[in-house]
Amino acid sequence: MAAPNREPLVRLVKRSSIPLWKSVLIRVAAIILSLLFSAVIINLITKLDPIKVFTSMYNGAFGLELRTWNTIRDMMLLLCIAVGLAPAFKMKFWNIGAEGQILVGGIVSAACMISIGDKLPTGLLLVVMALISAVAGAIWGLIPAIFKAKWNTNETLFTLMMNYVAIQFTSFMVDIWDKKGSHSVGVINQVTRAGWFPPVAEKQYLLNVIIVLALTVIMFIYLKKTKQGYEIAVVGESENTARYAGISVKKVILRTMLISGAICGIAGFIEVAGVSHTISVNTAGGRGFTAIIVAWLAKFNTFTMILISLLLVFLDKGAVQIATDFGLNEYASEMVTGIILFFILGSEFFINYKLIFRHSHKEGKA
Amino acid sequence: MQQSACTLKNVKKVFGSIVANNNVNLDIRHGEILSLLGENGSGKTTLMNILSGIYFPDEGEIFVNGEKVTIRSPKDAFDLGIGMIHQHFKRVDVFTAAENVVLGLEEKSRFDLKKVAAKIGEICDKYGFHVDPYQKVYNMSVSEKQTLEIVKVLYRGADILILDEPTAVLTPQETEKLFSVIRNMKKHGKAVVIITHKLHEVLSVSDRVAILRKGEYIGTVNTSEATELSLTEMMVGKKVELNIDRPLPVNPQKRISVSGLNCKNSEGLPVLKDVSFDAYGGEILGIAGISGCGQKELLEAIAGLQTCEAGTKIEFINPEDEIPVSLLGLSPKRIRRLGVSLSFVPEDRLGMGLVGSMGMTENMMLKDYSTGNSIFTHTKEPHELAERIRKELGVVTPGLSTPVRKLSGGNVQKVLVGREIAAAPKVLMTAYAVRGLDINTSYTIYHLLNEQKEKGVAVIYVGEDLDVLLALCDRILVLAQGEVAGIVDARQTTKEEVGLLMTGKGGNK
């Protein structure tokens, strides 16, 4: 019978629940599929052997000890920012101003290195830098929070605008500190290394790892186990429920953004004192935005964030490597990154919905 | 026998692991009113959404006027003459009635609104209701909006009309008016389906009753052969005692005293005007009124969630020392710190009373998470409380950490009411405590409220079902447009009297 109206070919049905093994399976399948798909694309466009390309990607991230440490260094930086964003986003405060918060943290760190770098012993200097960069980031985060709490302004726009203020402020400071007229600060204290992170156990970036992992653990406990973390979760879910429970929504917004900004400020300190030893408008380098992806994909679980920042940094490093190894321009490698991210995000769809095809269920009745 | 308008055969619909409809067989006939009866969650609305093209059935066949059809979208349903009047009306507020009626219709040239208005007038005359085609929707009362929705469906030439819980938002008088319209439609040969869970309405308006229970089709009976008890039995699956206990208040003492309460909503319009009343320990004070007449603001004002105008007095009289404490302008936390134990079951369960994404345990500590000096939350006591409520009230949940959002409406309410009662309150306020609950759960809640009343708690019960208010409460305060229209003795009054007070027309102030 050829009825004019037939059942739709594919229908979407929301899943009520999904067993853990199935959701893990879907995610693993997504990664494998994304690799296969990018292999085909690579082969079609460049005629290169995909296996070689993937090997090169791996080499880019973990090929040499130096590269492995660089990967870890970048991953820690991204993780630190994501950890800072976690409380804000859990509260549903759309803090897209991490870039600015990182920059102001970086500026005050650089300022310390330049002005008092030779006056204090390294340990004390680093502590002072950490503290004032946290304060700077906290202020940068607090300003939009005050406006949000008092006048209910839109925090998305406000935090975004604060980024541009921070960028302009940075170029202003760079101009002041620039002595050679090169429009850059150059490596600060290159000879004395004052205010640089000292190597720990002869590993240059081990201190970065220690600081960031400590913050990760503390933030995990803060969000899951403390009263303040509980308040953040309630406010994020519903402000009415928070009022009903007697939570002061304003106070929680201010306090949480203070913490969020402070950690992003510390990320700026780590970047300047522990990684680049300089400051420029590119110090934040878009990580403040990438970290939002990390925080959301991890659903604010700071331990999951470790894996996700590793994945993102791995993709980034790998992409640079295949660009140099095969003489591809960076777009080719960015495509691979894009494909992999697309599949990972897409897998969330299949975890929430399932497809039902026509005829797949009523053969017995026809 | 009347001609069959629409037939459903073995319809099945599954959402995830939940079977919303299973093996449903339904025969809708022209010139007849069919009631679709079932408890909340029994699949009534799902079934009608299948008919109106919103959901697609997983199995089964649908026939309209004897022909097998496939309804893939609401447009398909319209083309087949099936029109649905939803529980929550879907219209554009700034448009006039006529503009809303033609909204979504395809016309080659410009709409001739005069013609539309004339046709609306025609429909109104035919069925006996009144709609002003040029009135803007935001100026309409709930009942007028509903009428407009019916006109809209009739305008599109629907022959099969489905009304989803149409009386939920109406006063008894408005309900009668609606029923007379529906009877007129029946006279003109339309097939009408009313979805409801109110038994007396089923008995008074419909010709036949189809009953669903937990998604299963139980059967169809002629209304003339049915009684409230027999229908309930089919609906619930076992014999149910439909009487609510009402012990006499023992030694009532003034517990809450409100006078001159004025407050404004977020748009700055007054919602409560000069409200004064007392609530006594050991009694249940009912609050009746058309929805949105200030019930929500009244409870929130007492709970410390609403800013009140100057001159308002809200006092709590502690039964131990009988010294009045003013609650005005205090936050819920500060009210608790004063030792005033006031429990509040708000209307919006997941948006105000509970945190949807958290499990039972974490929801238990919502109100007292901050006690103690530790920076960490306690989990032991809330866990024990959650376990106790789960056992005592029979909450069905996969686990204490399952987000409460995933529980059914009845279980969510049990969690909330359980927590509020566990706080050993002196005052217990509930807003629409049984909305959306099945009969058994509703009676569990009534029983819990009576238990509190016998313990000497002042219970304030905001309700929408007048029959329940009249059977459960000791006194009923009727709100009309934010004012107290009257406070009546629930044992003496009648439904009609309360209904008239609700519209602000009757009674002495």
Side-chain angles (χ1 to χ4, degrees), chain A residues 1-19 90 92 152 218 221-252 299-300 352-354 356-358 360-366, chain B residues 10 12-18 55-61 68-73 76 79 300 303-306 330-337 344 346 348-358 362-363 365-372 374-379 398 402-403 405-406:
Chain A
M1 188 180 85
N5 296 337
R6 294 211 297 167
E7 186 182 331
L9 183 64
V10 181
R11 289 183 289 127
L12 289 177
V13 176
K14 198 166 166 70
R15 292 177 197 269
S16 54
S17 65
I18 186 166
K90 188 157 189 191
K92 302 274 156 66
N152 199 24
I218 292 169
I221 296 170
Y222 179 74
L223 288 178
K224 290 257 156 135
K225 300 278 175 203
T226 67
K227 289 173 180 172
Q228 296 192 0
Y230 183 77
E231 288 178 342
I232 290 173
V234 175
V235 171
E237 175 79 12
S238 152
E239 284 192 16
N240 266 334
T241 307
R243 288 196 313 127
Y244 170 84
I247 295 170
S248 163
V249 176
K250 286 179 186 172
K251 198 174 112 192
V252 174
K299 303 211 172 77
F300 317 123
N352 285 314
Y353 292 92
K354 64 178 171 195
I356 293 183
F357 291 92
R358 187 197 293 171
S360 65
H361 56 94
K362 57 176 193 181
E363 298 305 332
K365 285 206 157 191
Chain B
N10 301 322
K12 181 174 186 177
K13 178 76 193 171
V14 179
F15 295 108
S17 57
I18 297 156
Y55 295 146
F56 193 86
D58 292 327
E59 277 173 30
E61 295 167 323
K68 185 171 186 284
V69 293
T70 310
I71 306 171
R72 295 161 50 145
S73 69
D76 286 357
D79 293 344
E300 289 187 3
L305 296 167
Q306 185 82 36
L330 300 182
S331 76
K333 223 176 218 168
R334 286 188 55 201
I335 292 178
R336 281 203 294 280
R337 286 210 187 115
F344 178 25
D348 190 354
R349 293 160 199 167
L350 289 174
M352 186 174 234
L354 298 169
V355 184
S357 60
M358 292 181 180
E362 281 180 295
N363 268 300
M365 54 193 191
L366 186 63
K367 280 180 145 179
D368 51 9
Y369 74 94
S370 61
T371 47
S374 160
I375 61 160
F376 297 106
T377 50
H378 304 272
T379 47
T402 307
R405 178 194 300 127
K406 293 195 171 166

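Everything numeric in this text was worked out from a predicted model, so none of it was measured. In what follows, every heavy atom counts, from backbone to side chain, and hydrogens, waters and symmetry copies are set aside. In what follows, every chain begins at residue 1, and chains take the letters A, B, ... in the order their sequences are listed.
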task: Side chain from CB out, backbone as N, CA, C, O: work out which of these in A/Glu239 comes under 4.5 Å of a heavy atom of chain B, or both, or neither.
output: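 Neither the backbone nor the side chain of A/Glu239 comes within 4.5 Å of chain B.
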
message: Need one label for A/Ala233: side chain, backbone, both or neither, based on atoms under 4.5 Å from any heavy atom in chain B.
response: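 Both backbone and side chain.
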
Tell me, for [X] versus chain A, whether the close heavy atoms (under 4.5 Å) come from the side chain, the backbone, both or neither.
{"X": "B/Ser73", "answer": "neither"}
{"X": "B/Leu350", "answer": "backbone"}
{"X": "B/Arg405", "answer": "side chain"}
{"X": "B/Met358", "answer": "side chain"}

message: Heavy-atom pairs under 4.5 Å with chain B: which of A/Lys227, A/Gln228, A/Arg243 has the most?
response: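 With the most close heavy-atom pairs to chain B, the winner is A/Lys227.
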
query: What residues, two or more places apart in sequence or in another chain, satisfy salt bridge (charged side-chain N to carboxylate O under 4.0 Å, His left out) together with B/Arg334?
result: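 Checked B/Arg334 against salt bridge (charged side-chain N to carboxylate O under 4.0 Å, His left out); zero matches.
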
query: Taking only residues two or more places apart in sequence or in another chain, which ones pass salt bridge (charged side-chain N to carboxylate O under 4.0 Å, His left out) with A/Lys90?
result: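 Once residues adjacent in sequence are excluded, A/Lys90 has no partner under the salt bridge (charged side-chain N to carboxylate O under 4.0 Å, His left out) criterion.
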
Please round to the nearest 0.5 Å and tell me the distance separating atom [atom1] of [X] and atom [atom2] of [Y].
{"X": "B/Leu366", "Y": "A/Glu231", "atom1": "CG", "atom2": "CD", "result": "10.5 Å"}
{"X": "A/Tyr244", "Y": "B/Leu354", "atom1": "OH", "atom2": "CG", "result": "7.5 Å"}
{"X": "A/Lys224", "Y": "B/Phe376", "atom1": "NZ", "atom2": "CZ", "result": "14.5 Å"}

- prompt: So, B/Thr377 side chain and A/Thr226 main chain: donor-acceptor pair closer than 3.5 Å or not?
  reply: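 Not confirmed, B/Thr377 side chain does not pair with A/Thr226 backbone.
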
- prompt: Taking the side chain from A/Ser238 and the backbone from B/Gly351, do they hold a donor-acceptor pair closer than 3.5 Å?
  reply: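 Side chain of A/Ser238 to backbone of B/Gly351, a donor-acceptor pair under 3.5 Å: yes, one is there.
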
query: Based on non-hydrogen pairs under 4.5 Å, which of B/His378, B/Glu362, B/Lys367, B/Met365 is most in contact with chain A?
result: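 Result: the option with the highest number of such pairs is B/Met365.
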
message: For a quick test of reading the model, state the closest non-hydrogen atom pair linking A/Glu237 to B/Ser357 and the distance between them.
response: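 Shortest heavy-atom separation between A/Glu237 and B/Ser357 comes out as OE1-OG, 2.9 Å.
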
field: Heavy-atom pair of closest approach, residues B/Val355 and A/Thr241
entry: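 Residues B/Val355 and A/Thr241, closest heavy atoms: CG2-CG2, 3.7 Å.
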
